[in-house]
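What follows is a set of notes on a single structure, which appears directly below.
Atoms within each ligand, like the ligands themselves, are counted from 1 in listed order.
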Amino acid sequence: MSSKYLDLLAEKYDSEEKVATEIINLEAILNLPKGTEHFVSDLHGEYQAFQHVLRNGSGNVKVKIRDLFKGEMSEEELNEFAALVYYPEEKLSLIKSHFSSKKELREWYIGTIERLLKLVSYASSKYTRSKLRKALPKQFVYIIEELLYKTDEFTNKKDYYAKMLEQIISLGQVDKLIVGLAYTMQRLTVDHLHVVGDIYDRGPDPHKIMDTLIDYHSLDIQWGNHDVLWIGAYSGSKVCLANIIRICARYNNLDIIEDVYGINLRPLLNLAEKYYEDNPAFHPKRISGEHLTEQEQLQITKIHQAISIIQFKLESPIIKRRSCFAMEDRLLLEKVDYDRNEVTIHGKTYPLENTCFSTIDPEQPDRLLDEEQQVIDKLLFSIQHSEKLSRHMNFLMKKGKLYLQYNGNLLIHGCIPLEENGDMKQMEIEGKSYAGRELLDVFEEYTRYAFAHPEETDDFATDMVWYQWTGENSSLFGKREMTTFERYFIKDKETHKERKNPYYHLREDEDMCRKMLAEFDLDPDHGRIINGHTPVKERDGEDPIKANGKMIVIDGGFSKAYQSTTGIAGYTLLYNSYGMQLVAHQRFNSKEEVLQNGTDVLSIKRLVDEELERKKVRETNIGQELLQEIANLNSLRKHRYMH
Ligand SMILES: O=P(O)(O)OC[C@H]1O[C@](O)(COP(=O)(O)O)[C@@H](O)[C@@H]1O
Ligand SMILES: [Mn+2]
């Protein structure tokens, strides 16, 4: 180790005792049980459902409550108490309104605080005191520590604690204390969160999910195709931008663009009003039955058409300038016979319906009208100057990557593009051929370059971000082509099918999964691949645990739009020191329901794997870092203090 580094270290640890204390401390941490990892994916803007899963730790909070109190509390009381831990502010005001006397309320307060303290102490038993301290509400650290570490044998302190609680109540601090303890409990239940992609699109509140993640104590993100689409838009890709607005229009979420991110849609609306009429193919989807007036629906329908046509036009020059994308098949505007209202795809001619081609010049179908050009330019300007979007996108870049190796597992949203024979699929990029992990690394490099250069809008890196949304070799998309045009304009459902990469059937095979783990330098005997992206059709008997447990797919569809296909409301995965458990969640209706009835969303746990011996921090990624720190400290000790 360089002596400069030792100097630096010696500044922090300026005595032999300090070095020794830190080594002892780190060694102790290495021997603690590994913290609980929580995996979620495909959140798709469903903030409330996500919040619920987060707050109940995929059912883990309830398990702990039950472990501790099942003898002394009825089922109803357990549920009430759990609801208090999940939503402390709301539940507190509900409960308080039921008490008629101050005395009763006081008793409830004391009982509740005692239970919360017991629960927090139970949940923190596998962590160091310093970690628990970090999880405590700041203003109450001292009081809670006093209360937590009281030992009942010494009754002489009893009065002291009773007095303390009384003071907390009479000084009007008790609600805050309860709320603080509830959040501490939530935080202790999960040590680290993995978001395996697709935070954005379809649902109404991706921005609230982002804000929650920004405040979360420990997490990483594997980008999903929808997240990369937003990154692309912010990085200067107009076609990505057209796509995000199109999807918002399609799902009646334009207020995300307008109100949340502050983008003025007026120019787009003016264009839409001028050129478009009502069109059933472009009516917004209405998932939760929210009411739209006819006028509102008509306006969204027009915007939806205007931005879709802009999107199709913008795709064409990219396909033409990037032959390595091999997407000529997707030059559909050029394959339309505008007189006969037909399109020829893969040699077959189909009639078109619900067309809206009034801004298209058949001679030059991809030419944007000046008005269209201005609209998209203005949109790009405002999206790149949205302070809130900038915050969210910067966070996605900071915490996110295309894939992650973590504690022996490979986390990836979409796929590793494969050939039918199981070889890694090659793609030639700027004269060089890439496959497997190398290909993914190249994709990520271009994404980061594009993000760092938002002023470059037509360069290769920016086009590559769009390619990841929709290209055949994209690890995020994983399909042959995206049939958006066909789904709007062609009746024949055959044309709507998007052929999946062979990965999606080959991943059922254990040897194939082993090969992919090895490609990412992971131990095939112990590692697993954790995937999102494709909804598991539990309703049709599909199993999320594949390839003899080497592959786990956790997209059960938080997205309301997809719940009729999956039959459930999402999978999540927990990985604690005892092993891995998959949790299937039933449909989440509302927070109000949980608060009122105390009913939790029914979650069914399934053991993926049980550790023979409880896994310790030493065997984790963090453990490896700690071991390195210990080695450094030992070398400091040897070279500076042992003379
Ligand atoms: O159902 P929608 O909103 O029209 O979206 C369909 C499109 O979404 C995709 O499935 C991609 O989104 P996912 O990552 O959620 O699967 C495309 O393959 C498909 O064309
Ligand atoms: Mn996806």
Side-chain angles (χ1 to χ4, degrees), residues 39-46 195-204 206 209 221-232 239-240 242-254 256 281-287 300 304-305 307-308 311-312 315 327 329-330 332 354 396 400 402-403 411-417 443 466-490 493-501 503-504 530-537 553-566 570-571:
F39 302 72
V40 300
S41 89
D42 297 272
L43 304 170
H44 283 301
E46 295 297 339
V195 182
V196 194
D198 278 356
I199 296 162
Y200 277 89
D201 290 334
R202 298 204 180 105
I209 298 180
I221 299 170
Q222 293 71 53
W223 298 323
N225 46 334
H226 290 271
D227 308 322
V228 160
L229 191 65
W230 281 73
I231 291 173
V239 72
C240 288
N243 263 288
I244 64 173
I245 297 176
R246 178 182 64 78
I247 296 172
C248 282
R250 180 169 168 76
Y251 284 88
N252 183 24
N253 285 328
L254 284 170
I256 299 175
F282 289 85
H283 285 172
K285 293 194 178 202
R286 268 184 283 160
I287 310 302
I300 299 169
H304 190 181
Q305 294 170 84
I307 197 68
S308 299
Q311 177 196 317
F312 296 134
E315 288 172 358
M327 287 178 69
D329 284 356
R330 301 307 303 159
L332 293 179
N354 300 322
L396 263 187
L402 259 189
Y403 65 86
L411 282 56
I412 179 166
H413 176 72
C415 71
I416 300 152
F443 284 144
W466 174 68
Y467 182 82
Q468 290 180 75
W469 163 245
T470 191
E472 176 178 10
N473 298 314
S474 156
S475 62
L476 294 174
F477 179 45
K479 298 174 189 165
R480 173 68 191 82
E481 68 256 290
M482 196 175 286
T483 59
T484 313
F485 182 95
E486 290 89 325
R487 281 184 286 117
Y488 285 126
F489 301 123
I490 304 178
K493 287 230 157 60
E494 221 15 67
T495 64
H496 301 182
K497 286 204 177 132
E498 297 179 344
R499 280 167 292 157
K500 288 192 175 135
N501 182 275
Y503 172 88
Y504 289 101
I530 319 284
N531 242 181
H533 190 50
T534 46
V536 178
K537 295 178 182 157
V553 185
I554 58 169
D555 179 6
F558 272 90
S559 179
K560 290 211 177 86
Y562 280 64
Q563 283 172 2
S564 55
T565 344
T566 58
Y571 290 103

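Of the residues listed (Leu229, Ile245, Val228), the one engaging Cys240 in a side chain to side chain contact (heavy atoms under 4.5 Å, CB included) is Leu229, and it is the only one. Only one option out of Tyr488, Tyr251, Phe282 pairs with Arg246 in a side chain to side chain contact (heavy atoms under 4.5 Å, CB included); it is Tyr488.
Contact detail for Lys497 and Thr483: the closest heavy-atom pair is O-CG2, 3.5 Å. Heavy-atom minimum distance, Ser41 versus Gly532: OG-CA, 3.7 Å. In plain terms, the two heavy atoms of Tyr571 and Phe558 that are nearest each other are O-CE1, 4.4 Å. Of all the heavy atoms in Glu46 and Ser559, the pair that sits closest is CG-CA, 4.0 Å.
Among residues two or more places apart in sequence or in another chain, the salt bridge (Lys or Arg N to Asp or Glu O under 4.0 Å) test is passed with Arg250 by none. By the side chain to side chain donor-acceptor pair (under 3.5 Å) test, Asn252 is found to be paired with Glu290, residues two or more places apart in sequence or in another chain being considered.
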Residue pair Glu486, Arg330: steps toward the salt bridge (Lys or Arg N to Asp or Glu O under 4.0 Å) verdict: CA-CA 11 Å; Glu486 290 89 325; Arg330 301 307 303 159; 2.9 Å; yes

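For ligand 1, residues of the protein lying within 4.0 angstrom by heavy-atom distance are His44, Asp198, Arg202, Asn225, His226, Arg250, Tyr251, Phe477, Lys479, Met482, Arg487, Glu498, His533, Tyr562.
For a distance threshold of 2.8 Å, the protein N, O or S atoms nearer than that to the Mn ion (ligand 2), listed by chain and number, are Asp198 OD2, Asn225 OD1, His413 NE2, His533 ND1.
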